[in-house]
Q: 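Structure provided below as structure tokens; questions to follow.
In what follows, every chain begins at residue 1, and chains take the letters A, B, ... in the order their sequences are listed.
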Protein chains: 2
Amino acid sequence: MNQTAEATFRALADPTRRAIVALLAERDLTIGAVAENFDMTRPAVKKHLTILEQGALIQVEAKGRERINRLNPQGLQAVTDWVAQIDLFWSRRLDTLKDIIERETKND
Amino acid sequence: MNQTAEATFRALADPTRRAIVALLAERDLTIGAVAENFDMTRPAVKKHLTILEQGALIQVEAKGRERINRLNPQGLQAVTDWVAQIDLFWSRRLDTLKDIIERETKND
DNA sequence: TAAATATGAAACCAATAAGTTTCATATAGG
DNA sequence: CCTATATGAAACTTATTGGTTTCATATTTA
């Protein structure tokens, strides 16, 4: 597991941050616009956005005095990749079990 | 997002717990056997296992005085489902952008 | 049945996380 | 230029988390 995946899973642990990801999947938003969707202060939302950026889940583009927050699919890919790796181990194991059963059946 | 997914993301936030999931993808293990793989006390590992169970990432089977910990693919599925939903929003958005560009091109 | 083994659970501690308030800075607009 | 707007960042508070030690309980097994 690389450093980015570490930060990515940490970022997704919080429900507010997952909600922000869902918001940004639909449209790019400034920090203030994101904050309007939550019952907390703007600085709190800004902290969440920083953690999402560290987890490569969003990218931030400076545009004048605004900061445009945009979803970065690479972060989600890191999650998908990790799950796929676990699934691979798991399926190999099921295959082994199937082999064992088939071998035993053949010996009947 | 349902309650299980909430607990699942929380469970995966910790690197030790992700390592436990990777271990259990290869073979079922007792609590003690899991603990042998980490530089921490057995009670600490047991706490991690409890959190993984709450997140539906593992299932625990009592067998005499032992507790067999087994991977539960349903927990991973919850993660995959969430990512797929975000990807869906994102791809819809790209489609919309593509439509806009095509429409503009047609007007040239 | 007594000793060893595997686990459960409570009490406690230090670090981190999530939120707040407050103030500073940079850009837009009239 | 002056004011409003959008954000940055520090300091602080409280709750949660991840870990420990300690002791109790339930099964095996000699």
Q: Between B:E36 and B:L29, is any pair of side-chain heavy atoms under 4.5 Å apart?
A: no
Q: With a 4.5 Å heavy-atom cut-off, do A:N69 and A:I58 have their side chains touching?
A: yes
Q: Side-chain polar contacts of residues 87-94 of chain A - donor-acceptor pairs under 3.5 angstrom, sequence neighbours left out - could you list them?
A:
from  : atom 1 : to    : atom 2 : distance (Å)
A:S91 : OG     : A:D87 : O      : 3.1
A:S91 : OG     : A:L88 : O      : 2.9
A:R93 : NH1    : B:L24 : O      : 3.0
A:R93 : NH1    : B:D28 : OD1    : 3.3
A:R93 : NH2    : B:D28 : OD1    : 2.6
A:R93 : NH2    : B:D28 : OD2    : 3.3

Q: Side-chain N or O of B:T41 versus OP1/OP2 of D:dT20: is the shortest distance under 4.0 Å?
A: yes
Q: Whole Å only: how far is the CD1 atom of B:I31 from the P atom of C:dT7?
A: 5 Å
Q: Could you tell me whether a side-chain N or O of B:R67 sits under 3.5 Å from a main-chain N or O of B:T30, the two making a donor and an acceptor?
A: no
Q: End-to-end bend of the helix from C:dT1-D:dA30 to C:dG30-D:dC1 (five-pair axes, 10° rounding)?
A: 30°
Q: Identify, with sequence neighbours excluded, every residue that meets side-chain hydrogen bond (donor to acceptor under 3.5 Å, both in side chains) alongside B:E61.
A: B:R70
Q: Using nucleotides 24-30 of chain D, report all nitrogen or oxygen pairs with the protein that are shorter than 3.5 Å.
A:
from   : atom 1 : to    : atom 2 : distance (Å)
D:dT27 : O2     : B:R65 : NH1    : 3.1

Q: In the single-linkage hydrophobic clustering (I, L, V, M, F, W, Y; side-chain heavy atoms under 4.5 Å), do B:L52 and B:F38 co-cluster?
A: yes
Q: Given atom CD1 of A:I68 and atom P of D:dT5, what is their separation to the nearest angstrom?
A: 18 Å
Q: Does A:V60 share a hydrophobic cluster with A:L49, counting links as ILVMFWY side-chain heavy atoms below 4.5 Å and allowing steps through other members?
A: yes
Q: Rounded to whole Å, how long is the line connecting atom CG of A:L29 with atom P of D:dA6?
A: 14 Å
Q: Could you check whether any side-chain N or O of B:R18 sits under 3.5 Å from a backbone N or O of B:L12, counting only pairs where one atom can act as donor and the other as acceptor?
A: yes
Q: Nearest whole angstrom, please: distance from the P of C:dA18 to the CG of A:L49.
A: 13 Å
Q: For A:Q77, give me all partners under side-chain hydrogen bond (donor to acceptor under 3.5 Å, both in side chains), at least two apart in sequence or on another chain.
A: A:D81
Q: Would the distance check show the side chain of B:D14 and the main-chain N or O of B:R17 forming a donor-acceptor pair, the cut-off being under 3.5 Å?
A: yes
Q: In whole Å, I'd like the distance from the CD atom of B:E36 to the C1' atom of C:dT7.
A: 14 Å
Q: In B/S/- notation, 5' to 3', how is nucleotides 9-17 of chain D contacted by protein heavy atoms closer than 4.0 Å?
A: B-B-----S
Q: If Ile, Leu, Val, Met, Phe, Trp and Tyr residues are connected whenever their side-chain heavy atoms lie under 4.5 Å apart, and connections chain through other members, are B:I31 and B:I51 in the same group?
A: no
